[in-house]
Chemist: 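I'd like to ask some things about the structure below.
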Amino acid sequence: MSEIDALQTTLAAEHAAVFVLGTLGGRTSRSAMPELYAAISGAYSAHRSRRDQLTGQLAAAGVDPAAAEAAYDVPSGLERADRIARVALETERACAATYAWLVANSVDETRRWAIGALNETAVRELAFRGTPEMFPGAGEHADR
């Protein structure tokens, strides 16, 4: 797989994360659940920024960036804060796995960028009651 293909795959994952986190943000309230609202708002902004960076990288390479889908699957049962936090955590974990995969499939500046994105995503997991992992995004090594 080429680095461009890896970037396209990562961009597709960011499109999905932005959609899901935007939906979750619409299910939270700044006054009723301020911590969760702030965590989701922060995650949404971070993923939008990463999506825009990936789009710019691909365009600068002379490649048409992968387009977002019209809609993405969003789990049901988003009436309770604990369920919203669980879906946000699952979204961050999926992004961590994608960034770990990008690290493995890139070199030089792209790899450094992917490592930074992976680290930030792993830290954001903690806001959604995730647990620290020695190797974020690498499920088979998470308990070591």
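Any value given below was found using the heavy atoms of this structure, including those in side chains, with hydrogens, waters and symmetry copies removed. Everything numeric here is computed off the predicted structure, so don't read it as measured data.
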Chemist: Could you check whether the rings of Trp113 and Tyr99 sit parallel, tilted or perpendicular, using 30° and 60° as the cut-offs?
Modeler: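 It falls in the perpendicular class, over 60°.
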
Chemist: Identify the two heavy atoms, one from Glu125 and one from Ala96, that lie closest to each other, and give their separation to 0.1 Å.
Modeler: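 Nearest heavy atoms, Glu125 then Ala96: OE2-CB, 3.5 Å.
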
Chemist: Flag yes if Phe19 and Ile84 sit in one hydrophobic cluster, no otherwise; membership is Ile, Leu, Val, Met, Phe, Trp, Tyr, and two members link when side-chain heavy atoms are under 4.5 Å apart.
Modeler: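 Yes; Ile84 is reachable from Phe19 via cluster members.
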
Chemist: Among Asp52, Leu11, Thr10, Leu7, which residue meets the side-chain contact (heavy atoms from CB on, under 4.5 Å) test with Gln57?
Modeler: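 When side-chain contact (heavy atoms from CB on, under 4.5 Å) is applied between Gln57 and each of Asp52, Leu11, Thr10, Leu7, only Leu7 qualifies.
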
Chemist: Between Arg111 and Val103 (side chain of the first, backbone of the second, donor and acceptor by atom type, cut-off under 3.5 Å), is there such a pair?
Modeler: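 It does hold such a pair.
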
Chemist: Within a strict 4.5 Å, meaning less than it, do heavy atoms of the Pro75 and Arg83 side chains meet?
Modeler: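 Yes, at least one pair of side-chain atoms sits under 4.5 Å.
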
Chemist: Which atom names give the shortest non-hydrogen contact between Ala59 and Pro65, and what distance separates them?
Modeler: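 Taking every non-hydrogen atom into account, N-CG, 4.3 Å.
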
Chemist: Will you find, in the side chains of Ser45 and Arg48, an N or O donor that is under 3.5 Å from an N or O acceptor?
Modeler: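 Per modelled atom types, Ser45 and Arg48 side chains form no pair under 3.5 Å.
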
Chemist: Please name the pair of heavy atoms, one in Met33 and one in Ala81, separated by the smallest distance, quoted to 0.1 Å.
Modeler: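 The answer is SD-CB, 3.9 Å.
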
Chemist: Testing the 3.5 Å rule here: is there a donor-acceptor pair between the side chains of Ser106 and Glu3?
Modeler: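 Short answer, no.
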
Chemist: Got a second to check how far Tyr72's OH is from Thr23's OG1, nearest 0.5 Å?
Modeler: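 Taking OH in Tyr72 and OG1 in Thr23, the distance rounds to 11.5 Å.
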
Chemist: Which pair of non-hydrogen atoms, one from Glu14 and one from Leu54, has the smallest distance, and what is that distance?
Modeler: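 Minimum heavy-atom separation between Glu14 and Leu54: CG-CD1, 3.8 Å.
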
Chemist: Decide if atom CG of Asp64 counts as having more than 12 heavy atoms of other residues, nucleotides or ligands within a radius under 6.0 Å.
Modeler: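 Atom CG in Asp64 is not crowded, with 12 or fewer foreign heavy atoms closer than 6.0 Å.
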
Chemist: With rounding to the nearest 0.5 Å, note down the distance linking NE2 in His15 to CZ in Arg51.
Modeler: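 Rounded to the nearest 0.5 Å, the NE2-CZ separation comes to 7.0 Å.
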
Chemist: Looking at Glu109 and Arg112, is there a salt bridge between them, counting it only when a charged N and a carboxylate O are closer than 4.0 Å?
Modeler: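 Judged by the 4.0 Å cut-off on N to carboxylate O distance, Arg112 and Glu109 do form a salt bridge.
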
Chemist: Kindly work out whether a path of hydrophobic side-chain contacts (I/L/V/M/F/W/Y, heavy atoms less than 4.5 Å apart) joins Leu102 to Leu58.
Modeler: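 Per the 4.5 Å side-chain linkage, Leu102 and Leu58 are co-clustered.
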
Chemist: State, to 0.1 Å, how close Arg129 and Ala85 come at their nearest heavy-atom pair, and which atoms those are.
Modeler: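 Minimum heavy-atom contact is NH1-CB, 3.6 Å.
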
Chemist: Tell me if the CZ atom of Arg80 is crowded by more than 12 foreign heavy atoms within 6.0 Å.
Modeler: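 No, CZ of Arg80 has 12 or fewer neighbouring heavy atoms, counting only those of other groups under 6.0 Å.
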
Chemist: Looking at Gln53, I'd like to know if its CD atom is crowded, meaning that more than 12 non-hydrogen atoms belonging to other residues, nucleotides or ligands lie closer than 6.0 Å.
Modeler: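 More than 12 heavy atoms, drawn from other residues, nucleotides or ligands, come within 6.0 Å of this atom.
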
Chemist: Can a donor-acceptor pair be found between the side chains of Glu92 and His47 at a distance below 3.5 Å?
Modeler: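 Checked: Glu92/His47 side chains pair up, N/O donor to acceptor below 3.5 Å.
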
Chemist: Taking all non-hydrogen atoms of both residues into account, name the closest pair between Arg124 and Ala46 and its distance.
Modeler: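 So the minimum-distance heavy-atom pair works out to NH1-CB, 3.3 Å.
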
Chemist: With a 4.5 Å cut-off on side-chain heavy-atom distances among I, L, V, M, F, W and Y, is there a chain of contacts connecting Val123 to Leu118?
Modeler: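 Not linked; separate clusters.
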
Chemist: Do Phe128 and Val87 come close enough that some side-chain heavy atom pair is under 4.5 Å?
Modeler: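 Of all side-chain heavy-atom pairs linking Val87 with Phe128, none is under 4.5 Å.
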
Chemist: Glu120 vs Arg50, test: salt bridge (charged side-chain N to carboxylate O under 4.0 Å, His left out). Steps then yes/no.
Modeler: CA-CA 11 Å; Glu120 290 172 13; Arg50 292 289 180 191; 2.5 Å; yes

Chemist: Quick one: do Leu89 and Ile40 end up in the same hydrophobic cluster if we chain Ile, Leu, Val, Met, Phe, Trp and Tyr together by side-chain heavy atoms under 4.5 Å apart?
Modeler: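 In one cluster: yes.
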
Chemist: In Å and rounded to the nearest 0.5 Å, what is the OG1 to CZ distance from Thr98 to Arg93?
Modeler: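 Result: 14.0 Å between the selected atoms.
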
Chemist: Could you tell me the separation between the OG1 atom of Thr9 and the CD1 atom of Ile4, rounded to the nearest 0.5 Å?
Modeler: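 Answer rounded to 0.5 Å: 11.0 Å.
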
